[in-house]
Amino acid sequence: MKENTLKHIEHTDITQFQSDLIGWFTEEQRDLPWRKDQDPYKVWVSEIMLQQTRVDTVIPYFLNFIDKFPTVATLAAAPEEEVLKAWEGLGYYSRVRNLQSAVKEVHEQYNGQVPNTPNEISKLKGVGPYTAGAILSIAYGIPEPAVDGNVMRVLSRILSIWKDIAKPSSRKVFEEAIRKLISHENPSFFNQALMELGALICTPTSPKCLLCPVREHCHGFHEGVQNELPIKTKKKSTRSVSLAAAVLVNENGEFLIHKRPSTGLLANLWEFPNCEIGDFSTARKQLEQFLLTEYGLQVDLENGVKTKIDHIFSHLKWNINVYFGKINQSDQPNDSSMEIVTEEELAKYAFPVSHQKIWKCYVDERGILN
DNA sequence: AAGACGTGGGA
DNA sequence: TTCCCAAGTCT
């Protein structure tokens, strides 16, 4: 069965395949900011940002992040608040907390040098099998597989592999294939070329086979099944959660914000006080009760719901009822996870997009009133 | 193994 | 609207 899965490798001219693939990448690769040099730190940052995230989205974040934290030493020394702020809006925020944690370890345990062995680099927080292979091959020229979604899709087609790429167990099949195919002369370009091919030519839908530099090596194309591959089972739909949130302002024009717990969803990001509710019809009462029992705040929320915000995550959906309310200057948080800040100071804190939407609602509404 | 973990874009 | 993503990792 195992031999059968990769049977097409026997009929692949590996040297010619490498040459065609790397030759194409050399000519056609996109000009991307993390391709200016092979600084292991910058390669690392880019690979973490690119996890589950589009190139076009990453570019401005990468430029800003490297501007703010150009080296291992600067990121290791940075306040977490600033680091999270630089990641604000990118999503999967544990990536950047793990990155800074790992960078601190590199700074302290490896004298600031990103390790260059599979064993050492894989121990770093947030560095899984893909990222380890990407850094080792791109920054250090070490022939390790870097198997991401692109590579699994491309190889599924080229080698006509009918394994479900959604299953974690499938990854090792593709790693095995890459170990047989990878160029030892230029593992960096080989790995990047496979991903670039997946992004530009061998796309999820409507692959541009007529433009493909390795079409002659592609068993899926020759079998006419390139549109049937890869096999990928779909995931379950998301569940819905109802929330009520409050934008609370005092006589000084200062706002109450709350820092989320250090684990779980949107960890360590800031938000407007909110709670999960069972029933929209009594949302305001539930929120007032929550503010009293959790934060010791006696608040009269304005009567009407200001807006209803829908926010979709990968695995769940928030339906947020937004309320406005006044607090007194004498109301101080009874909780160290809360702060009272001016509108100007708000810009220093990292908020998830869902709560940026709440703030936008407040600004829009206030603009009408003023 | 399967679910948690974000977001914005395209069909 | 709904679904599927896009250079994955952690638990």
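The sequence lines fix the lettering, A, B, ..., with proteins before strands; numbering per chain opens at 1.
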> For the pair A:Trp359 and A:Tyr362, name the ring-plane relationship: parallel under 30°, tilted 30 to 60°, perpendicular over 60°.
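Plane angle under 30°, so parallel.
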
> To the nearest Å, give me how far apart CE (A:Met49) and C1' (B:dT7) are.
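After rounding, the gap between these two atoms is 14 Å.
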
> Classify the side chain of A:Ser354 versus the base of B:dG6 as yes if they form a donor-acceptor pair under 3.5 Å and no if they do not.
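Side chain to base: no pair below 3.5 Å.
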
> A:Leu90 CG to B:dG8 C1': how many Å, rounded?
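Distance, rounded to whole Å: 11 Å.
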
> Identify whether any heavy atom of A:Ser46 sits under 4.0 Å from a base atom; if not, whether one sits that close to sugar-phosphate; answer base, sugar-phosphate or nothing.
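A:Ser46: no heavy atom of the nucleic acid under 4.0 Å.
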
> Does OP1 or OP2 of B:dT7 have a side-chain N or O of A:Tyr93 closer than 4.0 Å?
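Checking A:Tyr93 against B:dT7: at least one side-chain N or O falls below 4.0 Å of OP1 or OP2.
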
> Heavy atoms only, 4.0 Å cut-off, all strands: where does A:Ile312 land among base, sugar-phosphate and nothing?
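Since a base atom lies under 4.0 Å of A:Ile312, the category is base.
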
> What class does the angle between the rings of A:Phe65 and A:Trp87 fall in, given that below 30° is parallel, 30 to 60° is tilted and above 60° is perpendicular?
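Rings of A:Phe65 and A:Trp87: perpendicular, over 60°.
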
> Would you call A:Arg35-A:Glu196 a salt bridge at under 4.0 Å N-O?
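Looking at A:Glu196 together with A:Arg35, the answer is yes, because their closest N to O distance falls below 4.0 Å.
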
> With a 4.0 Å cut-off on N to O distance, would you call A:Lys85 and A:Glu88 a salt bridge?
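Judged by the 4.0 Å cut-off on N to carboxylate O distance, A:Lys85 and A:Glu88 do form a salt bridge.
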
> Does a side-chain N or O of A:His315 approach OP1 or OP2 of B:dG3 to a distance below 4.0 Å, or not?
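The answer is no; no side-chain N or O of A:His315 sits under 4.0 Å from OP1 or OP2.
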
> Whole Å only: how far is the CD atom of A:Gln356 from the P atom of B:dG6?
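Result: 14 Å.
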
> Give the rounded distance in Å between these two atoms: CG of A:Leu265 and C1' of B:dC5.
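So the CG-C1' distance, A:Leu265 to B:dC5, works out to 7 Å.
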
> How long is the gap from CE on A:Met49 to OH on A:Tyr61, to the nearest 0.5 Å?
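It is 9.0 Å, given to the nearest 0.5 Å.
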
> With a 4.0 Å cut-off on heavy atoms, is A:Arg260 in touch with a base, just the backbone sugar-phosphate, or nothing at all?
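It contacts nothing in the nucleic acid.
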
> Does A:Thr57 reach a base, just sugar-phosphate, or nothing at all? Heavy atoms under 4.0 Å.
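Nothing: the residue A:Thr57, judged by heavy atoms under 4.0 Å, touches no strand.
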
> Between B:dG3 and C:dC4, how far is it from one P atom to the other, in whole Å?
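15 Å, rounded to whole Å.
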
> Which is true for A:Arg153 with a 4.0 Å heavy-atom rule: it touches a base, it touches only sugar-phosphate, or it touches nothing?
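Sugar-phosphate: the residue A:Arg153, judged by heavy atoms under 4.0 Å, touches backbone atoms but no base.
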
> For A:Ile121 and C:dG8, give me the distance from atom CD1 to atom P, rounded to whole Å.
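Computing the A:Ile121:CD1 to C:dG8:P distance gives 17 Å.
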
> So what does A:Thr131 hit on the nucleic acid, given a heavy-atom distance under 4.0 Å: a base, only sugar-phosphate, or nothing?
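Contact class for A:Thr131: sugar-phosphate only.
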
> If you assign A:Gly264 and A:Lys167 each to the DNA chain B nucleotide with the nearest heavy atom, which residue ends up on the more 5' nucleotide?
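In this pair, the answer is A:Lys167.
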
> Under 4.0 Å, counting only non-hydrogen atoms across every strand here, what does A:Leu266 touch: a base, just sugar-phosphate, or nothing?
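Sugar-phosphate: the residue A:Leu266, judged by heavy atoms under 4.0 Å, touches backbone atoms but no base.
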
> Would you say the side chain of A:Ser314 and the base of B:dG6 hold a donor-acceptor pair, judged only by whether the two atoms sit under 3.5 Å apart?
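Checked by distance alone, the answer is yes.
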
> Which part of the nucleic acid does A:Arg97 contact within heavy-atom distance under 4.0 Å: base, sugar-phosphate only, or nothing?
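Since no nucleic acid heavy atom lies under 4.0 Å of A:Arg97, the category is nothing.
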
> At under 4.0 Å between heavy atoms, what does A:Val55 touch on the DNA or RNA strands: base, sugar-phosphate, or nothing?
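Base contact - A:Val55 has a heavy atom under 4.0 Å of at least one base atom.
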
